Amino acid sequence: MLNLLWLGFFIVAAVSAVAQWLLAGQAQVFAAMVESLFAMAKLSVEVMVLLFGTLTMWLGFLRIAEKAGIVDALARWLSPLFARLMPEVPRGHPALGLMTLNFAANALGLDNAATPMGLKAMRALQELNPRPDTATNAQILFLVLNASSLTLLPVSIFMYRMQQGAADPTLVFLPILLATSASTLAGLLAVAVVQRLPLWHPVVLAYLLPVALVLGGFMALLTTLSAAALAQLSSLLGNLTLFSLVVMFVLVGAWRKVPVYEAFVEGAREGFDVAKGLLPYLVAMLCAVGVLRTSGALGYALEGIRWCVEAIGMDTRFVEALPTALVKPFSGSAARAMLIETMQTQGVDSFAALAAATIQGSTETTFYVLAVYFGAVGIQRARHAVGCALLAELAGVVAAIAVCYQFFG
């Protein structure tokens with residue numbers, strides 16, 4: 001699928017460039033496309049320098065949390081909830097801890113670091129699978145929750161905004177938090193309906209109801225604030241949460257007599273290994289997206305969508321953010337490239353760039369996750385996983401656009 005997507009970018013760009021040359025007499029389009037290739041290759045390296053540091057740092061702190069027992073404590077705290085939502089997984093099974101690690105990495109916005117942990121969790125769940133070629137209910141729920149991308153601290157989005165020169169990289173903290181909550185809730189409800197999960201069970205309600213009430217009350221509070229106050233609150237909470245988490249990991253690690261420096265270095269080394277494999281993919285996708293934009297093809301597609309949106313009387317500012325939403329289900333690197341390209345062409349703090357960043361932080365690469373996670377354990381029948389994951393994806397995109405109008409509109 002990624003091969004077809006990447007090849008399609010170049011074919012569409014070539015057709016568009018030839019049309020501009022023959023129909024509009026713009027022969028300079030080919031020089032612009034070649035220049036875009038080199039510019040995007042350079043940009044890929046610049047982005048990777050900061051990405052190396054970000055992934056390395058956060059996996060270092062996550063390893064401290066793991067050795068300090070924070071992850072195990074979280075898994076034990078969640079075990080009654082898992083027992084109701086995944087009754088086929090025995091209490092204390094290794095899959096529960098691995099899923100907790102995966103959710104923690106996703107919550108921190110470390111999507112590339114979350115993948116190895118998610119694959120380990122899927123393999124552990126596969127050990128309980130009586131039909132190895134068919135996804136179990138537990139595997140589907142885990143995959144949909146993974147694909148719904150519950151991101152509480154989107155550090156990678158902050159990193160991209162900082163790299164592009166944003167005055168306040170954490171400005172999108174609250175919009176992403178609200179949009180990702182909507183996508184995760186949609187995914188959970190979709191799976192619960194199909195699998196007849198006991199969401200009304202007292203134990204499940206004891207976990208979910210307080211979260212829902214807090215989020216609901218928080219959203220009600222946000223509606224009373226001005227746009228300037230919303231932006232200021234988002235910045236404050238983003239930076240405060242980020243630093244508080246770091247301090248908590250280090251202090252708890254020291255209290256548990258964990259050699260925090262050695263643990264950090266151990267985790268950081270793993271982060272370096274994860275990050276160094278991303279550069280080829282980033283170069284490939286950024287170059288393809290750059291050529292697509294320079295050829296005029298992406299502009300034509302967006303103009304068509306904009307015309308349709310105008311025809312029904314809606315505001316069209318969100319249209320420039322749609323490239324990120326359209327490719328995100330297929331490829332995270334392509335969506336990342338679209339986000340960076342939107343930041344560069346529209347301005348890092350433009351409405352389109354803020355909406356694209358919120359979409360990127362609140363959605364997931366649904367088809368990629370399905371292919372990698374199920375392919376790693378040989379599952380051929382995904383059952384209702386695709387439909388539920390795509391519903392969560394759609395909810396995340398719609399919520400992201402709506403929230404951005406509330407915050408930045």
Side-chain angles (χ1 to χ4, degrees), residues 66 69-107 111 114-150 181 183-212 364-393 395:
E66 187 180 356
I70 296 175
V71 174
D72 287 339
L74 186 60
R76 287 194 301 270
W77 179 68
L78 291 174
S79 62
L81 178 63
F82 280 133
R84 300 314 188 279
L85 299 181
M86 300 180 178
E88 61 267 47
V89 180
R91 293 199 180 203
H93 193 273
L96 299 179
L98 292 169
M99 284 189 288
T100 303
L101 271 176
N102 173 263
F103 292 147
N106 272 326
D111 42 348
T115 300
M117 304 170 194
L119 290 176
K120 292 179 181 178
M122 189 61 74
R123 291 192 185 102
L125 290 173
Q126 184 70 354
E127 295 173 0
L128 304 171
N129 191 350
R131 300 174 61 188
D133 65 333
T134 303
T136 64
N137 285 346
Q139 287 174 317
I140 291 174
L141 178 58
F142 170 61
L143 186 136
V144 171
L145 290 179
N146 198 291
S148 68
S149 185
L150 179 61
S181 299
S183 65
T184 301
L185 179 61
L188 176 60
L189 291 177
V191 176
V193 169
V194 177
Q195 297 184 3
R196 295 184 174 87
L197 295 178
L199 292 185
W200 299 110
H201 191 281
V203 173
V204 178
L205 288 177
Y207 281 89
L208 300 184
L209 197 56
V211 175
E364 187 51 275
T365 51
T366 300
F367 291 109
Y368 173 80
V369 170
L370 280 164
V372 171
Y373 279 46
F374 282 172
V377 293
I379 288 176
Q380 299 173 7
R381 296 185 59 208
R383 299 170 61 208
H384 50 278
V386 178
C388 294
L390 287 178
L391 183 61
E393 184 93 18

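Only this structure's heavy atoms are used, side chains among them; waters, hydrogens and symmetry mates stay out. The structure presented is a predicted model; accordingly, all values stated were derived computationally and were not measured.
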Legend entry - Partners passing side chain to side chain donor-acceptor pair (under 3.5 Å) against Gln195 (at least two apart in sequence or in another chain):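 Gln195 satisfies side chain to side chain donor-acceptor pair (under 3.5 Å) with His384 once adjacent residues are dropped.
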Looking at [atom1] of [X] and [atom2] of [Y], how far apart are the two atoms once the value is rounded to the nearest 0.5 Å?
| X | Y | atom1 | atom2 | value |
| --- | --- | --- | --- | --- |
| Glu127 | Met122 | CD | CE | 13.0 Å |
| Thr134 | Ile140 | OG1 | CD1 | 9.0 Å |
| Leu188 | Ser183 | CG | OG | 11.0 Å |

Do the side chains of [Y] and [X] get nearer than 4.5 Å, heavy atoms only?
| X | Y | answer |
| --- | --- | --- |
| Leu197 | Arg84 | no |
| Met86 | Thr136 | no |
| Val194 | Cys388 | yes |

Inset, instruction - Would you check if the side chain of Asp133 reaches a backbone N or O of Arg381 as a donor-acceptor pair within less than 3.5 Å? - result: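 Absent.
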Work out which heavy atom in [X] is nearest to a heavy atom in [Y]; give both atom names and the distance.
| X | Y | result |
| --- | --- | --- |
| Ala190 | Leu391 | CB-CD2, 3.8 Å |
| Ala392 | Ala186 | CA-CB, 4.2 Å |
| Ala385 | Val144 | O-CG2, 3.9 Å |

Legend entry - Derivation and outcome, side-chain contact (heavy atoms from CB on, under 4.5 Å), residues Asn137 and Arg383: CA-CA 9 Å; Asn137 285 346; Arg383 299 170 61 208; 3.0 Å; yes
Can you list, pair by pair, the side-chain donor-acceptor contacts under 3.5 Å of residues 201-208, counting residues two or more places apart and other chains?
unit_1, atom_1, unit_2, atom_2, d
His201, ND1, Val203, N, 3.0
Tyr207, OH, Trp77, O, 2.3

Legend entry - Residues in side chain to side chain contact (heavy atoms under 4.5 Å, CB included) contact with Pro90, at least two apart in sequence or another chain: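 Counting only residues at least two positions away or on another chain, Pro90 forms a side chain to side chain contact (heavy atoms under 4.5 Å, CB included) with His93, Leu128.
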